[in-house]
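Before any comments, here is the structure.
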Amino acid sequence: MHKIERIAIAGVPNSGKTTLFNSLTGARQKVGNWPGVTVEKIEGSFPLKNTRVELVDLPGTYNLSPDTEDQKVAERVISSGEYDLILNVVDATNLSRNLYLTMDLKERTNQIIVLLNMTDVAEKEGIKIDIDRLSHDLEVPVVPIVAVDKTSVKGAIEQIESLIEGLPPHDSHVSKQEVMDTVKKYSHIDEIYGRVAREIKDRSTNFTNRVDNVVMNRFAAIPIFLASMFVTFWFAIGLGSVFIDFFDIIGGLLFVDIPSSLLNAVGSPEWLVVMVAGVGAGVQTVATFVPVVFFMFLALGILEDLGYMARAGVVADRFMRKIGLPGSAFIPMIVGFGCTVPAVMAARTMSTKRDRFMTIFMAPFMSCGARLPVYALFCAALFGAYSGLAVFLIYLAGLFMAILTGYFLKNTLFKGTPSNFVMDLPLYHAPRAGAVLKSAWLRLRSFIKRAGTIVVAAVFVLSMLNSIGYEGGKISFGNEDSQSSVLAYAGKSIGPIFKPIGITEENWPASVALFTGLFAKEAIVGTVNALYAANDMTGATEAGAKEEAGALDVGGAITEAFTTVGEGFVGVISSFDLLGLGLISEDQATISEEIGADGSVYQHIAANFTVFSAFAYLLFVLMYFPCLAVIGAARQEMGGYYAGVMVVYSTLLAWAVATLFYQVAEGHSIFYIMLSLVMLLAIYGWLHLLGKKEKDEVAAVAPPPVINNCA
Amino acid sequence: MASTKNLAEISKGKSYEVAGFTSETSDYAEKLYKMGFVKGTPVELAPVKISDPMVVQIRGSRIALRKKEAQEILVREVGDA
């Protein structure tokens with residue numbers, strides 16, 4: 001008698017294994033990572049023979065050779081014997097290529113049941129499969145299933161329950177002697193396929209092929225692609241933004257204002273109030289990203305489920321390959337113009353680690369919506385009628401830096417990793433609302449849990465530094481955006497670093513603002529606004545800082561929160577200006593009202609910057625370390641090491657490029673020009689060394705690949 | 001032996017079979033091998049009007065490949081062997 005406690009589902013991508021997993025486990029799921037790698041691990045449980053058994057969804061793979069991270073994970077899990085049974089989901093519409101994985105699985109365990117999925121679609125497509133024969137030839141039990149149909153899944157569970165009894169005793173060595181090479185496996189598959197599958201009608205006129213003829217038509221392909229990208233962007237950024245202010249206001253109310261008021265009411269010491277508010281501010285920051293991340297995953301889920309994602313990758317490949325990335329990298333890049341956080345997360349749709357990581361490194365160079373207010377403010381102050389052009393140049397500079405980054409990485413950190421484009425085009429089918437919503441929700445939850453915790457911690461620390469002031473032997477709180485906070489002190493003392501980009505020592509508010517930019521890039525606006533004003537009339541800061549700490553107005557905040565949703569909806573429907581580029585104008589009053597800055601800020605900026613130093617500053621703002629939420633997301637997707645490399649890389653690059661620009665344009669210091677060029681070379685060299693180190697480590701760990709494709 | 005050409009050169013409406021790779025040991029060959037591009041497997045151009053990446057039909061599924069990379073795959077026209 002077999003005791004089954006843990007079951008793993010294996011299958012090729014698009015075989016419907018995740019659908020089956022959802023049908024089996026219902027709401028009981030948790031998303032995490034496989035130990036040591038950034039491959040998603042989805043676990044759940046379901047009732048089998050009146051006991052709950054653990055179920056894990058293995059990454060979708062075509063085979064078990066350790067070529068990719070996903071395959072390595074699947075191989076390790078199956079060979080480990082940790083799971084008592086492997087359910088191998090096989091797509092009946094694509095039998096011959098799906099069976100290759102089955103062959104690989106059979107070499108590693110004899111505890112397999114094949115679930116033949118989409119037999120209904122296969123028949124519509126023109127293929128009829130003899131299930132008994134297939135089971136006989138594979139020497140593995142085969143259960144037909146329609147994973148989207150609850151009744152079918154229920155019937156399959158009953159069949160599995162009875163089949164478990166008939167499985168051979170577990171023996172991990174059983175098939176060691178039968179290891180076949182690729183050619184043998186395929187000829188074996190071809191024999192089986194010939195016996196079990198019958199083509200009952202011509203497949204060339206089926207629905208998928210007809211749609212492909214339109215979607216991948218020479219003339220229609222690009223317009224359809226652009227339209228679908230626009231809808232994706234609208235969905236993720238436009239619709240997501242509608243709720244950003246709502247989450248921001250409600251989050252501020254729930255996690256900052258209410259707790260602070262309560263603590264104040266019971267007479268808690270100030271340090272406690274500040275600390276609680278600091279944690280609250282972190283939670284609030286994560287909350288503001290909830291809508292965009294959710295809508296982005298929803299949009300990606302729909303494209304994926306529909307089957308269009310793969311086609312979009314094909315259409316975009318023509319131009320994306322020029323920068324060394326596959327077509328599928330287009331989506332993260334375009335989403336990056338809205339918000340870098342969902343862009344970083346969207347990179348996980350790519351199949352290889354190299355492509356994924358390169359895209360994540362490049363995505364922050366797309367100017368996100370939070371950087372635009374900074375550009376708009378500075379450009380309006382100094383560029384007058386040329387504001388629009390100046391902002392456009394910054395956007396362009398970002399694109400150029402992304403391409404440069406791709407070039408750097410390709411030749412250093414990810415050198416030697418082959419990049420080729422092989423894209424499977426799945427069948428089209430209607431997206432299933434339940435499944436798509438659920439997977440978006442699960443991914444959001446994992447973002448909140450995994451990226452969220454680090455963001456909360458970092459925002460807390462930064463809030464503390466921003467609040468705590470030390471003067472005359474006395475520690476004080478509530479020094480946000482004033483010159484007495486620790487953060488301002490730190491900003492002032494590292495001021496000289498920014499001298500080469502044209503920030504004078506008297507212009508310290510500009511360097512302090514770079515640190516508050518860690519919260520979110522648009523915070524730079526608030527900080528320079530407050531600090532310039534404070535610098536102007538010392539003592540007025542207190543009033544400004546205390547303004548926020550006014551009476552708690554719960555009703556007012558909630559009304560405001562809902563109003564923003566209403567206004568946002570009107571805005572997103574009535575206007576196609578998804579980037580918010582309408583913000584750029586020469587009318588300073590309009591901009592300052594829109595972004596909440598004082599009218600006097602323009603004089604301060606004009607007094608403290610020249611045209612060239614302002615542009616250099618904006619270049620730096622474009623490129624330097626991304627905001628904490630992005631760092632959190634990057635850490636979730638790539639691990640702490642690569643996220644760290646990314647932060648250091650982008651900051652050094654920002655400094656080198658901003659310095660080079662300023663010194664060539666205005667500073668004319670040969671020393672600094674040389675220094676920035678040396679810096680660029682040093683960055684390249686550093687990445688090169690990291691790449692070499694990585695390669696040596698990989699070589700030391702992994703055995704040389706076994707080539708067995710001699711025919 | 002019939003003349004072999006590479007996959008990027010195949011024309012619509014004709015039937016081919018995989019004949020091998022220009023470099024049997026490349027990572028690319030290894031990857032495609034496991035996807036079913038083994039010697040003797042029938043392959044043909046999918047009737048879509050996008051040419052690069054090109055779309056081929058093999059083993060009942062459609063796979064998109066870059067034209068330049070597809071040059072590594074050798075094919076033989078079926079019927080003239």
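Owing to the predicted nature of the structure, the values given are computational and were not obtained by experimental measurement. Atoms considered below: every heavy atom in the structure, side chains included; atoms not considered: hydrogens, waters and symmetry mates. Just so we're on the same page: letters track the sequence lines, and every chain starts at 1.
If you measure heavy-atom distances from Phe421(A) to chain B, the contacts under 4.5 Å come from both the backbone and the side chain. The parts of Arg321(A) that come within reach of chain B are both its backbone and its side chain, each placing non-hydrogen atoms under 4.5 angstrom from that chain. Looking at Lys67(B), neither its backbone nor its side chain comes within 4.5 Å of chain A, counting heavy atoms on both sides. Only the side chain of Asn63(A) comes within contact range of chain B, judged by heavy atoms closer than 4.5 Å.
Minimum heavy-atom separation, Tyr33(B) to Tyr186(A): O-CE1, 3.5 Å. The two residues Arg97(A) and Ser61(B) make their nearest non-hydrogen contact at NH1-OG, 2.7 Å. Counting all heavy atoms, side chain and backbone alike, Asn420(A) lies closest to Glu69(B) at CB-OE1, 3.3 Å.
In terms of non-hydrogen atom pairs under 4.5 Å with chain A, the most contact-rich of Ser51(B), Gly36(B), Gly40(B) is Gly36(B). When Asp212(A), Val215(A), Asp104(A) are compared by the number of non-hydrogen pairs under 4.5 Å with chain B, Asp212(A) comes out ahead. Comparing Leu95(A), Asp424(A), Val12(A), Val422(A) by how many heavy-atom pairs each has under 4.5 Å with chain B, the most go to Val422(A). Ranking Leu65(B), Ile58(B), Asp52(B), Thr41(B) against chain A, the residue ahead of the rest is Asp52(B), based on heavy-atom pairs under 4.5 Å.
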Query - Worked check of side chain to side chain contact (heavy atoms under 4.5 Å, CB included) between Tyr62(A) and Lys34(B) - result: CA-CA 8 Å; Tyr62(A) 289 102; Lys34(B) 293 191 182 112; over 6 Å; no
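The 12-atom threshold is not exceeded at CZ of Arg198(A), counting heavy atoms of other residues, nucleotides or ligands nearer than 6.0 Å.
Interatomic distance, CG of Leu32(B) versus OG1 of Thr182(A), reported as 11.5 Å (0.5 Å rounding).
A heavy-atom distance below 4.5 Å is not found between the side chains of Tyr193(A) and Arg59(B). In this structure, Lys185(A) and Val38(B) have side chains that are not in contact, with every pair of non-hydrogen atoms separated by 4.5 Å or more. Residues Arg62(B) and Val314(A) have side chains not in contact (no heavy-atom distance under 4.5 Å, counting atoms from C-beta outward). Contact of the Asn209(A) side chain with the Gln57(B) side chain is registered, since non-hydrogen atoms from C-beta on lie closer than 4.5 Å. Taking the side chain as every heavy atom from C-beta outward, Arg66(B) and Pro326(A) approach each other to under 4.5 Å.
At a heavy-atom separation below 4.5 angstrom, chain A is approached by no residue within residues 9-17 of chain B.
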